[in-house]
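In what follows, chains are A, B, ... by sequence order, proteins preceding strands, each numbered from 1.
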There are 2 protein chains.
Amino acid sequence: MAVYTDVSDEELEGLVATYDIGDVLSFKGIAEGVENTNYFLRTSESSFILTLYEKRVNEKELPFFLNLMEYLSDRGINCPQPVSNKSGEKLSHVAGRPATIVTFLEGLSIRKPQAKHCESLGKALAQLHLAGQGFDMHRENNLSVSGWAPLFEKAKDRANSVASGLRERTESDLLYLQANWPKDLPQGIIHADLFTDNVFFIGDDVSGLIDFYFACTDALVYDLAICLNAWCFESDGSFNLTKGQSMIAGYQSLRPLNKEEIDALPILCRGAALRFMLTRLVDWLNVPPGALVKPKDPLEYDRKLGFHRHVTDASEYGLVR
Amino acid sequence: MAVYTDVSDEELEGLVATYDIGDVLSFKGIAEGVENTNYFLRTSESSFILTLYEKRVNEKELPFFLNLMEYLSDRGINCPQPVSNKSGEKLSHVAGRPATIVTFLEGLSIRKPQAKHCESLGKALAQLHLAGQGFDMHRENNLSVSGWAPLFEKAKDRANSVASGLRERTESDLLYLQANWPKDLPQGIIHADLFTDNVFFIGDDVSGLIDFYFACTDALVYDLAICLNAWCFESDGSFNLTKGQSMIAGYQSLRPLNKEEIDALPILCRGAALRFMLTRLVDWLNVPPGALVKPKDPLEYDRKLGFHRHVTDASEYGLVR
């Protein structure tokens, strides 16, 4: 949560002049987003978010993300809509960074979701998956099973300094997941990072989804597995079955899972947990001096893996047949 | 620029329920303010800033600041207006902190002000001084001349590690200022920290003043001296006489300075520079490990002191008789 790149008066003025969005009334850096810099931008016409893409974002991939948000927005998904500048471009440059202006979404992130929020999120996820059908760009999920071993290479020598035995159980998980990872599940656009801070609510209903910069083409039900991990565990590490039931029921009310997807749910949940454990572990071991962002705890996901390893059936996540 | 204190869903909900401000639509931490935590809060009724007062703020002083903002706002000054809760209190508590909800002001801080902005600021400062007449609370300026020696005590042993000779020239300045500091100048409410980030503009005109947490009772013209320091020097350290002329002329168009104030301007400018050099020096030498805020450079004000030491007449700041 940080403002990494400062935008000067002249730079802001120069940028906004290339858009048809009115005069600037307010401009404030907001403490949101770990990867990029975000500013709240209010003009005489509307409210927007200006995002500056920092070094971890590959500029070549931005057209995928921006076109996707536009596509989804056109199909009724309440996600940030990139605003085109006067040249018709969604991607601009400011302060030496690729940048985009998107519409501002109202709503609040809920940090401690209840079952009703999980149900609403399940529905929103299914809507997203249905709306994404037909989007004709493709982006590989480079943080899926084939990406995990290279990621672990960067961390394995120091893994046991973070938790005793972490290296051994991660190696074992990796081998199991590589050997058993399902193929041929229904594919499509997945968000792949739908943590609570990327979902806005007004009251009990999802009002918007943000931060599509991990979106990619992958098994749709893997997105559900990510959300079960992110939303349905309690802070003491226990899985809340009621929340899982609500989320899965909400999802299935709009997009019923087929038999292969249901069978795959336990391994996908385990894989999703490993993915976040690994990226967090690498970040944890490589905090730059003077970092403004506190790294997230990899052991939260190590504990979740401990749960997933003993699950044999999707009903243990709350699936009702 | 940081969010020091997190406000949970429940805490926000609990707080807002004690106010009559509608339902929450959006809530975002903003990267603004060095001393306190600020959130942008949008409700179904309006936009607000929620400020949580961090440990450097003395809670006993908050009624002064909040009453002052209300008083000024009632008299047409566009400053944040504290919103009273349902019990009629302007001060609340949330997340273990004293907190207040104030109205949101539109406008942009201008980081590189031009002469026209300095003129507009001069007028706004005079308006503030005139509007503050009659405010019946008093707050000593604990960062004026009698506060500087204790401040320097905390830094003097290490001052020369920051710049060669800094200790000796600061001691000499201190003695000179203590011996010659003017008394009996017209007093009133001063903002005392009107740096560019505390002033909003729409176009070329001041649209709002924020951050009254250094406001106190002192010589009005001392506030002008602070602004001349903060607004009229170039980044190369030179004083921009055009900007000084514009600011002083703008101020005098609404509140003409008397002879004593004019005569005092050089020493007040020198004192104001010393005040900011000293607080910055103490902060510079005491950066806590893991600090989220980069300390400001005390040597910027050491260089300004170098200019002030040679000024003998207010005309050198742009005063036209």
Side-chain angles (χ1 to χ4, degrees), chain A residues 1-13 16 22-33 37-44 47 49 95 104-114 117 196-197 199-205 207-208 210 235 287 289-295, chain B residues 1-13 16 22-33 37-44 47 49 95 104-114 117 196-197 199-205 207-208 210 235 287 289-295:
Chain A
M1 306 216 299
V3 171
Y4 301 98
T5 303
D6 204 44
V7 176
S8 73
D9 309 338
E10 296 81 4
E11 286 166 333
L12 177 65
E13 200 178 321
V16 171
D23 299 320
V24 179
L25 294 181
S26 192
F27 184 64
K28 294 189 190 303
I30 56 178
E32 209 157 274
T37 296
N38 290 296
Y39 288 92
F40 172 65
L41 170 64
R42 182 134 118 176
T43 75
S44 48
S47 294
I49 297 287
F104 179 83
L105 299 190
E106 287 185 336
L108 287 176
S109 304
I110 293 191
R111 273 163 283 186
K112 290 188 186 164
Q114 301 164 36
H117 303 117
T196 57
D197 42 349
V199 180
F200 292 162
F201 284 82
I202 294 181
D204 297 337
D205 298 317
S207 63
I210 65 166
S235 51
V287 178
L292 292 173
V293 174
K294 198 178 159 206
Chain B
M1 303 213 301
V3 171
Y4 300 98
T5 302
D6 205 42
V7 176
S8 73
D9 309 338
E10 295 83 5
E11 286 166 333
L12 176 64
E13 201 178 321
V16 171
D23 300 319
V24 180
L25 294 180
S26 192
F27 184 65
K28 294 187 190 304
I30 57 178
E32 209 157 272
T37 296
N38 289 297
Y39 288 91
F40 172 64
L41 170 64
R42 183 133 114 175
T43 75
S44 48
S47 295
I49 297 288
F104 179 84
L105 299 189
E106 288 186 335
L108 287 175
S109 304
I110 292 189
R111 271 163 285 188
K112 288 187 186 165
Q114 300 165 36
H117 303 118
T196 57
D197 41 350
V199 180
F200 292 162
F201 284 83
I202 294 181
D204 297 338
D205 297 317
S207 63
I210 64 166
S235 51
V287 179
L292 292 171
V293 173
K294 201 178 157 206

Rounded to the nearest 0.5 angstrom, the CD-OG1 distance for Glu11(B) and Thr5(B) is 9.5 Å

Drop me the distance from Lys28(A)'s NZ to Asn38(A)'s CG, to the nearest 0.5 angstrom. 15.5 Å

Interchain contact, Ile202(A) with chain B, by part (heavy-atom threshold 4.5 Å): side chain

Interface moiety of Tyr39(A) toward chain B, non-hydrogen atoms closer than 4.5 Å: neither

At a 4.5 Å cut-off on heavy atoms, which part of Ser47(B) comes close to chain A: side chain, backbone, both, or neither? side chain

Pair Ile210(B), Ile49(B) - check side-chain contact (heavy atoms from CB on, under 4.5 Å), show working. CA-CA 11 Å; Ile210(B) 64 166; Ile49(B) 297 288; over 6 Å; no

Engaged part of Ser207(A) at the chain B interface, taking heavy atoms whose separation is under 4.5 Å: neither

Applying a strict 4.5 Å limit to non-hydrogen atoms, the region of Arg111(B) in contact with chain A is both

For chain A, the option from Leu12(B), Val7(B), Asp23(B) that forms the most heavy-atom pairs under 4.5 Å: Val7(B)

Contacting region of Leu25(B) [heavy-atom separation from chain A under 4.5 Å]: both

If only atom types and distance count, is the side chain of Ser26(B) paired as donor or acceptor with the main-chain N or O of Arg42(B) below 3.5 Å? no

Can you name the closest pair of heavy atoms from Ser109(A) and Asp197(A) and give their distance? OG-O, 3.6 Å

Atom group of Phe201(B) that falls short of 4.5 Å from chain A, counting heavy atoms: neither

Smallest separation among heavy atoms of Leu105(A) and Phe200(A), with atom names: O-CE1, 3.6 Å

